[in-house]
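Since the structure comes first, as structure tokens, the remarks are kept for the end.
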Amino acid sequence: LEFRRVLFRSVSQSRYADMSSAVAAVNLGKVNRYMQKPWNNDELRASIRDGLEQTKLQRQNRLLTQQLAMANKQLRAVNQQLEEKVNQRTEQLRQTLIQLKQEQTATMNVLFQMTCQDPHISAGFAKNVSELAIQICQKLALSRSEIETIGLASQLLELGLTGLEPEIYSQPMHKLNATEKKKYFNHPVIARDLLAPAKHLKSVSEIIYHQYEEYKGSGTPGHLMANNIPIGSRILAVARDYWGYLQQRLTPEQLSPAEVLALMKKQIRILYCPDVIRVLHKVVMLDHVAFTTKVATTSLKELRPGYRDW
């Protein structure tokens with residue numbers, strides 16, 4: 001039967017007398033080959049083999065087309081499932097970030113509540129250091145997340161003081177003796193221990209922990225040098241000491257902003273990062289009033305829970 005089908009479809013012998021009628025019959029019947037009498041048997045057999053092969057190829061082509069259509073359908077289904085999973089995972093990550101933000105705010109509230117009980121810790125100082133640090137960050141074109149982290153660290157820069165004797169931190173730095181200064185410089189270590197359970201504040205903790213590193217490598221606690229010191233710690237050190245000098249924490253003399261800048265410039269590549277000092281000069285000169293006025297030594301209890309200033 002297969003042989004007869006192929007022969008019928010592939011080979012035709014004409015009973016028409018004229019060629020045009022034969023060609024019309026070929027086109028109408030959609031046969032593959034036209035042979036005139038008398039035909040050659042070898043040529044006829046070859047034509048039949050060609051017809052069988054062509055029929056086989058056509059069937060294979062239809063099968064492959066069906067398989068391809070099925071594969072495309074399955075691929076579309078897989079892509080749709082993958083897109084749904086990606087959307088679901090994205091939403092889960094978004095919810096996780098929201099939760100972390102809420103946990104961060106809650107943690108900050110607890111830390112403020114704990115710290116504000118101490119009348120010797122100045123919230124005004126922390127606020128001003130944080131504002132200056134944030135402006136330095138912005139001039140350095142840091143990312144939004146980096147700015148927020150450094151701002152938080154700057155507000156909590158003296159968190160570890162709550163673990164020291166009040167006699168150590170209730171007086172200016174320049175009045176401390178060598179033994180008292182050694183104890184004082186341990187407060188970032190205490191802060192890191194206090195923040196250890198708050199895994200989402202690890203980056204904040206590290207900035208506070210390394211705030212007394214020195215650019216030349218002689219600082220504490222890790223003796224880190226230059227760019228090995230976290231950028232947040234380098235910025236915090238400059239903002240902290242700028243206000244420390246203005247508020248007579250680091251020296252008994254009342255220094256003007258210009259004198260403070262000149263003094264700190266002398267410590268470039270010794271205590272401070274050159275890039276940060278250069279930006280400090282621009283920030284202070286740009287907003288001279290904001291960074292030269294006397295600051296009230298408000299305690300943290302006057303800050304509402306969850307306070308932010310950026």
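All heavy atoms count here, side chains included; hydrogens, waters and symmetry mates do not. For reference, positions follow the sequence shown, starting with 1.
With sequence neighbours excluded, the residues satisfying ring pair (Phe, Tyr, Trp, His ring centres under 6.0 Å) with Tyr184 are His187. A search for side-chain hydrogen bond (donor to acceptor under 3.5 Å, both in side chains) contacts involving Glu146 returns Ser143, not counting sequence neighbours. With sequence neighbours excluded, the residues satisfying side-chain hydrogen bond (donor to acceptor under 3.5 Å, both in side chains) with Arg45 are Asp42. For the side-chain hydrogen bond (donor to acceptor under 3.5 Å, both in side chains) test, no residue two or more places apart in sequence or in another chain qualifies with Ser170. Here Arg278 pairs with Asp275 under the side-chain hydrogen bond (donor to acceptor under 3.5 Å, both in side chains) rule; sequence neighbours left out.
Using a 4.5 Å cut-off between side-chain heavy atoms of Ile, Leu, Val, Met, Phe, Trp and Tyr, with links allowed through other members, Val204 and Val189 fall into different hydrophobic clusters. In the hydrophobic clustering of this structure, Ile277 does not group with Tyr215; members are Ile, Leu, Val, Met, Phe, Trp, Tyr whose side-chain heavy atoms approach within less than 4.5 Å, directly or through other members. In the hydrophobic clustering of this structure, Leu176 groups with Tyr245; members are Ile, Leu, Val, Met, Phe, Trp, Tyr whose side-chain heavy atoms approach within less than 4.5 Å, directly or through other members. Taking hydrophobic clusters as Ile, Leu, Val, Met, Phe, Trp and Tyr residues chained together by side-chain heavy-atom distances below 4.5 Å, Ile190 does not share a cluster with Tyr209. Residues Ile270 and Val279 are members of one and the same hydrophobic cluster, defined by side-chain heavy-atom contacts under 4.5 angstrom among Ile, Leu, Val, Met, Phe, Trp and Tyr.
For Arg144 and Glu148, the salt-bridge test fails: no basic side-chain N is under 4.0 Å from an acidic carboxylate O.
Between Lys56 and Arg59 the shortest side-chain heavy-atom distance does not fall below 4.5 Å. Inter-residue side-chain proximity for Pro188 and His210 is flagged as unmet; no heavy-atom pair is nearer than 4.5 Å. Side-chain contact check for Val238 versus Cys273: every heavy-atom pair is 4.5 Å or farther apart.
Here the straight-line distance linking atom CG of Leu142 with atom SG of Cys137 works out to 5.0 Å at 0.5 Å rounding. Taking CD of Gln67 as the reference point, atom CD of Gln60 lies at 10.5 Å (rounded to 0.5 Å). Interatomic distance, Leu280 CG to Lys282 NZ, rounded to the nearest 0.5 Å: 11.5 Å. Residue Gln58 holds its CD atom at 5.0 Å from CD of Gln54, rounded to the nearest 0.5 Å. In this structure, CG in Leu246 is found 7.5 Å from CD in Gln254, a value given to the nearest 0.5 Å. Between atom NZ of residue Lys183 and atom OH of residue Tyr169 there is a gap of 13.5 Å, rounded to the nearest 0.5 Å.
Between the side chain of Gln211 and the backbone N or O of Ile208, at least one donor-acceptor pair lies under 3.5 Å. In this structure, Asn61 contributes its side chain and Leu57 its backbone to no donor-acceptor pair below 3.5 Å. Without hydrogens or angle criteria, Thr149 side chain to Ser145 main chain gives a donor-acceptor distance under 3.5 Å. A donor-acceptor pair under 3.5 Å is absent between the side-chain atoms of Gln267 and the main chain of Leu263, judged by distance alone.
Considering Thr251, Leu255, Asp241 as possible partners of Val260, the one that fulfils the side-chain contact (heavy atoms from CB on, under 4.5 Å) test is Leu255.
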Could you pull out every donor-acceptor pair under 3.5 Å between side chains of residues 217-234 and any protein atom, sequence neighbours left out?
unit_1	atom_1	unit_2	atom_2	d
His223	ND1	Gly219	O	2.8
Asn227	OD1	Arg234	NH1	3.1
Ser233	OG	Ile207	O	2.9
Arg234	NE	Ile229	O	2.9
Arg234	NH2	Ile229	O	3.2

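Nearest heavy-atom pair across Trp243 and Asn128 is NE1-O, 3.3 Å.
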